[in-house]
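As structure tokens, the structure follows; a few thoughts come after it.
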Amino acid sequence: MSIVGARPNFMKLASIARAIEDYNASNKNATIDHLIVHTGQHYDDRMSLLFFEELELPKPKINLNVGSASHAIQTAEIMKRFEPVLLKHQPDVVLLVGDVNSTIACALVASKIQYNSQQHGSTAQRQHSKGLRPLIAHVEAGLRSFDRNMPEEINRILTDALSDLLFITEEDALVNLEREGIPRGKIYFVGNVMIDTLLINLKKAEHLKPLVMQNNSYPNVKNGYGLVTLHRPSNVDQPETLNALMDCLKVISPRLPVIFPLHPRTKLNLERFGIYQTLTESNGIVLTEPLGYLEFLRLLKSATLVLTDSGGIQEETTFLKIPCITLRENTERPVTISIGTNYLVGTTPEKILETAFTILDGRGKKGEIPPLWDGKAAQRIIEILVNKIVTSDW
Ligand code: UD1
């Protein structure tokens, strides 16, 4: 049973779902029964449904429809609604991706559930006392920003503490997990499932012509453009911070037009703080709705420069070797800086602008692709999971 809830989960599960299909096609006598549960943390079509369609991700059979709420209420509501689902289906494995509230909520439920052993049909589970609950597998484990003001950092630490199998994307994660006392034997360096999905979809994306590239009413992006995403509460919830970041875009845009797809939270705050109108009046700034996976990937691939506070985009730009300016004080993905094309600059305008213009002057770093980001992470994960279940080795 795989859990998804929020936008960044969908691209991570897409390659895993495909690896399961491939496994089933070549192991017809012992197939994996894969059930996807959507918590409903994200629910707008452009934040959810669109991704299932584009990524050919099987539609979830179960949707918990939790919607938006405070952290406590959202997490609690997911837990309440997930417990009966888990008891009904009693999967061998609960597979969790990333660091959103859906991830930790379902980890908590799965770690304390008590299956009825009579009812449960799996041989592996009947043979093993721990089979009274599912094996918990966390994909993208061990990432740490060391900033406990980030809700995601809390979600990461707790989910990892509750997981039986921890699949990591970069070697720093191993050091982080061992420091927290997690046994080495539970940790597997498998690569990056989000990069698997990127590789599967890159050709398809390259054939697209996004609206901003076709429409004459937009600024001319033929000679390059910047791509911007922002949604972290620390960047978009305070008027002063959001205003300062928007002022940076206004300084960059006369030299390099910028395309800025708006997360619902960001759009709401831009309107609330009276900034939205000034952006629409700036010639070189194009505001759009949240984009689909393929359209965004198409824009990412040809961008001159990316400015973001997202975690996943730091990795995607490193893989594509596109310069990325991360508008945060810390990152849980240090390999994107040590090996990749990422710059961690914080939110000070001087630093942001200095880095942007260094890149535009052609003095940016080149970057390499981190180890095992080779399109095979999901396949490795499925092989390990099957082996664990078949041998009851956990
Ligand atoms: C969540 C994740 C974050 C991830 C981000 C990607 C947590 C703690 N945070 O943050 O790690 O990077 O998703 O987007 O899990 N909203 C809509 N439509 C939707 C979903 C949300 O309008 O489909 C609006 C609502 O006003 C909501 C707000 O966005 O209150 C925030 O949504 P929420 O899921 O709480 O957190 P994100 O900021 O999206």
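The first residue of the sequence shown is numbered 1, and numbering continues consecutively from there.
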Next item on the list: Say whether, by atom type as modelled, one donor and one acceptor occur between the side chain of Thr347 and the main chain of Leu327 under 3.5 angstrom.
Entry: no
Rounded to the nearest 0.5 angstrom, the CG-CD distance for Leu174 and Glu170 is 11.0 Å
Next on the checklist: Quick check against the 3.5 Å criterion: does Gln90 have a side-chain atom that pairs as donor or acceptor with the backbone of Leu87?
Outcome noted: yes
So does Ile168 get a backbone contact from the side chain of His138, meaning a donor-acceptor N/O pair under 3.5 Å?
no
Electrostatic pair Glu140:Lys12 at N-O distance under 4.0 angstrom | yes
*Could you tell me whether a side-chain N or O of Thr197 sits under 3.5 Å from a main-chain N or O of Val193, the two making a donor and an acceptor?*
yes
ask   = Do Asp164 and Arg133 sit within salt-bridge range, that is, some charged N less than 4.0 Å from a carboxylate O?
value = yes
Taken to the nearest 0.5 Å, the spacing of Leu230 CG from Leu270 CG works out to 8.5 Å
What I want to check is whether the side chains of His231 and Ser310 have a donor and an acceptor closer together than 3.5 Å.
no
### Task
Determine, step by step, whether Leu242 and Phe273 satisfy the side-chain contact (heavy atoms from CB on, under 4.5 Å) criterion, reporting the C-alpha distance in whole Å, the side-chain angles of both residues, the deciding distance to 0.1 Å, and the verdict.
CA-CA 9 Å; Leu242 191 54; Phe273 305 150; 3.8 Å; yes
Of Arg328, Glu329, Glu153, Glu152, the one forming a side-chain hydrogen bond (donor to acceptor under 3.5 Å, both in side chains) with Ser145 is Glu153
Worked verdict on Glu332 versus Arg156 for salt bridge (charged side-chain N to carboxylate O under 4.0 Å, His left out)
CA-CA 10 Å; Glu332 60 289 333; Arg156 291 180 199 118; 3.3 Å; yes
In terms of heavy-atom contacts, Thr304 and Gly224 come closest through OG1-CA, 3.4 Å
CG (Asn269) and CZ (Arg265) are apart, to the nearest 0.5 Å, by 7.0 Å
Between Ser234 and Thr241, the two heavy atoms sitting closest are O-CG2, 3.8 Å
Going by distance alone, is a donor N or O of one side chain under 3.5 Å from an acceptor N or O of the other, for Asp147 and Asn330? yes
Val228 side chain near Ile285 side chain, heavy-atom distance below 4.5 Å = no
Note: Ala303 and Val306 closest approach over all heavy atoms is CB-CG2, 4.1 Å
- May I ask you to say whether Lys301 pairs ionically with Glu206, meaning some side-chain N is under 4.0 Å from a carboxylate O? yes
Check: Is there a chain of hydrophobic side chains (I, L, V, M, F, W, Y, each step under 4.5 Å between heavy atoms) that links Val93 to Ile384?
Finding: yes
Fill in: Side-chain donor or acceptor of Lys365 paired with backbone N/O of Ile337 under 3.5 Å
yes
Do any N or O atoms from the side chain of Ser111 and from the backbone of Leu108 form a donor-acceptor pair under 3.5 angstrom? yes
Under 3.5 Å side-chain donor-acceptor pair for Thr336 and Thr318
no
(request) Decide if atom NZ of Lys267 counts as having more than 12 heavy atoms of other residues, nucleotides or ligands within a radius under 6.0 Å. (result) no
Nearest heavy-atom contact between Pro8 and Val100 is CG-CG1, 4.3 Å
Going by an N to O cut-off under 4.0 Å, is there a salt bridge joining Glu83 and Lys88?
no
So does Lys321 have more than 12 non-hydrogen atoms from other groups sitting under 6.0 Å from NZ?
yes
**Asked** Quick one: do Glu180 and Arg144 make a salt bridge, cutoff under 4.0 Å?
**Response** yes
Scanning both residues in full, the closest heavy-atom pair of Asp196 with Ala377 reads OD2-N, 3.1 Å
| Check: Thr31/Tyr23 side-chain N/O donor and acceptor closer than 3.5 Å | no
- prompt: So, His42 side chain and Arg7 main chain: donor-acceptor pair closer than 3.5 Å or not?
  reply: yes
* Any side-chain heavy-atom pair of Ile136 and Leu96 under 4.5 Å -> yes
Test log, rule salt bridge (charged side-chain N to carboxylate O under 4.0 Å, His left out), inputs Asp374 and Arg380: CA-CA 11 Å; Asp374 58 1; Arg380 293 187 188 104; 2.5 Å; yes
All heavy atoms of Asn9 vs all of Gly5, minimum pair found to be OD1-N, 2.9 Å
- prompt: Parallel, tilted or perpendicular: which fits the ring planes of Tyr293 and Phe51, with parallel below 30° and perpendicular above 60°?
  reply: perpendicular
Handout entry: Intermediate values then yes/no, salt bridge (charged side-chain N to carboxylate O under 4.0 Å, His left out), Asp160 and Lys186
Key = CA-CA 10 Å; Asp160 287 341; Lys186 287 182 169 186; over 6 Å; no
Report task. Fit a plane to each ring of Phe52 and Phe10, take the angle between them on a 0 to 90° scale, and name the class: parallel (under 30°), tilted (30 to 60°) or perpendicular (over 60°). Result -> tilted
Could you tell me whether the side chain of Pro370 reaches within less than 4.5 Å of the side chain of Phe319, counting heavy atoms only? no
**Report entry** Heavy-atom check, side chain of Trp373 versus side chain of Val335, under 4.5 Å
**Finding:** yes
Legend entry - pair Glu54-Leu50: side-chain heavy atoms closer than 4.5 Å: yes
Between the main-chain N or O of Pro334 and the side-chain N or O of Thr331, is there a donor-acceptor pair closer than 3.5 Å?
no
Rounding to 0.5 Å, atoms CZ (Arg298) and NZ (Lys204) come to a distance of 15.5 Å
Between Asn342 and Thr326, is any side-chain donor less than 3.5 angstrom from a side-chain acceptor?
yes
Is it the case that the side chain of Glu295 and the backbone of Leu208 share a donor-acceptor pair, with hydrogens and angles ignored and the cut-off at 3.5 Å? no
Q. Got a donor-acceptor contact below 3.5 angstrom from the Asp44 side chain to the Arg46 backbone?
A. no
Open item on the list: Is the shortest side-chain heavy-atom distance between Val286 and Thr288 below 4.5 Å?
Closed with: yes
Quick one: are Leu299 and Ile259 in side-chain contact, heavy atoms under 4.5 Å? yes
Between Asn101 and Gln41, is any side-chain donor less than 3.5 angstrom from a side-chain acceptor?
-> no
When you check the gap from the basic side-chain N to the acidic O, do Glu354 and Lys351 get nearer than 4.0 Å? no
Handout entry: Close side-chain approach of Phe357 and Val251, heavy atoms under 4.5 Å
Key = yes
**Q.** Any donor-acceptor N or O pair under 3.5 Å, side chains His263, Thr229
**A.** no
